[in-house]
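Below is one structure, written out as structure tokens; comments come after it.
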Amino acid sequence: MAGHTRVGARGLGITAGLVAALAFATSGPVVKPLFAAGWTPGAAIVVRLWLGTLLLAGPAAWALRGRWRVLRTDWPTVVGLGLLGVAGASALYFLAVDRLPVAVALLVEYTGPLLLLAWSWLRSRRTPARATLVGAALATGGLVLVLDVTGTLELDALGLAFAFAAAVGNAAYFALTARPLALPPVALAGSAMLVGALTVSLLALVGVLPVAAPLVDVTLLGAHVPWFVPLLVVGAVPTAFAYGVSAVSVRLLGDRLASFLALAEVLFAVLLAWVLLDETPMPVQAAGAVLVVVGVALVRTGAASDGELRDGLTTTREADVARSTTAGEDATSRPGAEPAPAHAEIATVP
């Protein structure tokens, strides 16, 4: 029975991760026409994160169901995730997209999984499975091909710097989201989104993020639409929806596997940028993208050998037990209240 539960949770985590990757992939292709129309990345990221915060507020509150004390318990993770994984990764990615092709900016950002792998190796001093190392090598080689470092593709140096800095935020996002917390995944995403929105707003107010937001029409899918249309899409799909679903996936799979699975976002973004922006990938970049996918598959196999999937499921169960315990304490702390059943919260996914 436990094996069926584990397989089911793993399948749910992989499905959620792929859905989140597709949703995240819409961000760059949809927002880039705004940059061409005069919007700055700072203005777009401020609007994006506040829209995401508003849309996640309801699901986050429902997931907590009055257990606000877990926010006080897990506040360091919430703040760290909001600063690095939300504000940092999102703002730096938008700054990179303003100077680079969408696919290049995204794939550089997604060197984050390699950073996680290296950090895990150093921290545990345990050599990962051979499949994991081969997969990471293939993914790295694919990145080199996508960047076309020996070819004729000219890439903006500052844009690449922004993208590599975003990779640090990307790694922090997966590492912090995978922590064993009493805070439900959706509530974690919503509260971190608020921290991120406040952070980028402060940076915009002090002038670190320049803000320009002309109320103009932009070209999207060959049609002229008002400026707020791409912003609504970006706020809803690759922000509120994607972060919420991704948090569930990371909690189920663990940071390393979920982060490599999220590399599928690059392939989705390549296709969307091709359709929406006419950014046709070169053959060498297409070959690199294939290597990245093969690398992800091998890392998935290696993660299973390393016990990563078991770790991810254990993390989820620990958080469920913590939520159950918290709920029991809340119930028994009220005079005359009956103790909460031990299984009450364990069946709850959010």
Side-chain angles (χ1 to χ4, degrees), residues 13 16-17 20 24 45-46 48-93 112 115-116 119 165-204 235 238-256 258-259 262 312 315-327 329-330 345 348-350:
F24 274 128
I45 194 62
V46 168
R48 174 192 181 182
L49 293 188
W50 277 113
L51 282 173
T53 298
L54 292 174
L55 291 172
L56 276 175
W62 178 84
L64 285 171
R65 290 193 285 280
R67 292 176 287 117
W68 303 106
R69 68 170 59 188
V70 295
L71 280 172
R72 295 195 298 270
T73 302
D74 295 329
W75 72 265
T77 300
V78 170
V79 172
L81 181 61
L83 292 176
L84 297 175
V86 177
S90 299
L92 289 165
Y93 170 62
L115 298 179
L116 280 176
W119 170 249
V168 177
N170 177 271
Y173 167 79
F174 286 103
L176 293 171
T177 304
R179 282 186 173 182
L181 303 174
L183 195 61
V186 175
L188 174 63
S191 52
M193 190 73 66
L194 175 59
V195 173
L198 291 171
T199 301
V200 295
S201 297
L202 178 61
L203 293 176
T239 307
F241 176 77
Y243 272 97
V245 175
S246 174
V248 174
S249 173
V250 177
R251 194 72 65 86
L252 288 172
L253 298 179
D255 56 356
R256 180 155 43 115
S259 64
T315 294
T316 304
R317 291 195 183 98
E318 288 174 353
D320 285 336
V321 171
R323 294 205 301 273
S324 178
T325 303
T326 303
E329 291 174 354
D330 290 345
E345 290 295 324
T348 304
V349 172

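Just so you know, these numbers come straight off a predicted model, no measurement behind them.
- V86 is not listed as a side-chain neighbour of V195, based on a closest heavy-atom distance of 4.5 Å or more.
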Stepwise side-chain contact (heavy atoms from CB on, under 4.5 Å) check, F174 with L115: CA-CA 11 Å; F174 286 103; L115 298 179; over 6 Å; no
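- Interatomic distance, CG of N170 versus CG of L84, reported as 11.5 Å (0.5 Å rounding).
- Looking at every heavy atom in both residues, Y173 comes nearest to A247 through OH-N, 3.7 Å.
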Apply side-chain contact (heavy atoms from CB on, under 4.5 Å) to L194 and W50, showing your working. CA-CA 7 Å; L194 175 59; W50 277 113; 3.9 Å; yes
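- In terms of heavy-atom proximity, G190 sits nearest to A60 at CA-CB, 4.4 Å.
- One distance of note links OH of Y243 with CG of L55; it measures 14.0 Å at 0.5 Å rounding.
- Side-chain contact annotation: S191 with W75, donor-acceptor N/O pair under 3.5 Å absent.
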Test side-chain contact (heavy atoms from CB on, under 4.5 Å) applied to D74 and L188, step by step: CA-CA 9 Å; D74 295 329; L188 174 63; over 6 Å; no
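- A donor-acceptor pair is defined here as one N or O able to donate and one able to accept, closer than 3.5 Å; such a pair exists between the side chain of T73 and the backbone of R69.
- The distance from atom CG of L183 to atom CG of L64, rounded to the nearest 0.5 Å, is 6.0 Å.
- Within the 3.5 Å criterion, the main-chain N or O of A87 finds no donor-acceptor partner in the side chain of T199.
- Nearest heavy atom pair, residue A89 against residue A166, reads O-CB, 4.0 Å.
- Put simply, the side chain of T53 gets close to the backbone of M193: a donor and an acceptor are under 3.5 Å apart.
- Within the 3.5 Å criterion, the main-chain N or O of V248 finds no donor-acceptor partner in the side chain of R251.
- T77 approaches L176 most closely through the heavy-atom pair CG2-O, 3.6 Å.
- Here the CG-CD1 distance, from L203 to I45, works out to 11.0 Å after rounding to the nearest 0.5 Å.
- Residues V46 and A204 come closest through the heavy atom pair CG2-CB, 4.1 Å.
- Considering every non-hydrogen atom in both P184 and A63, the closest pair reads CG-O, 3.8 Å.
- Listed for the R65 side chain is a donor-acceptor partner under 3.5 Å among the backbone atoms of W62.
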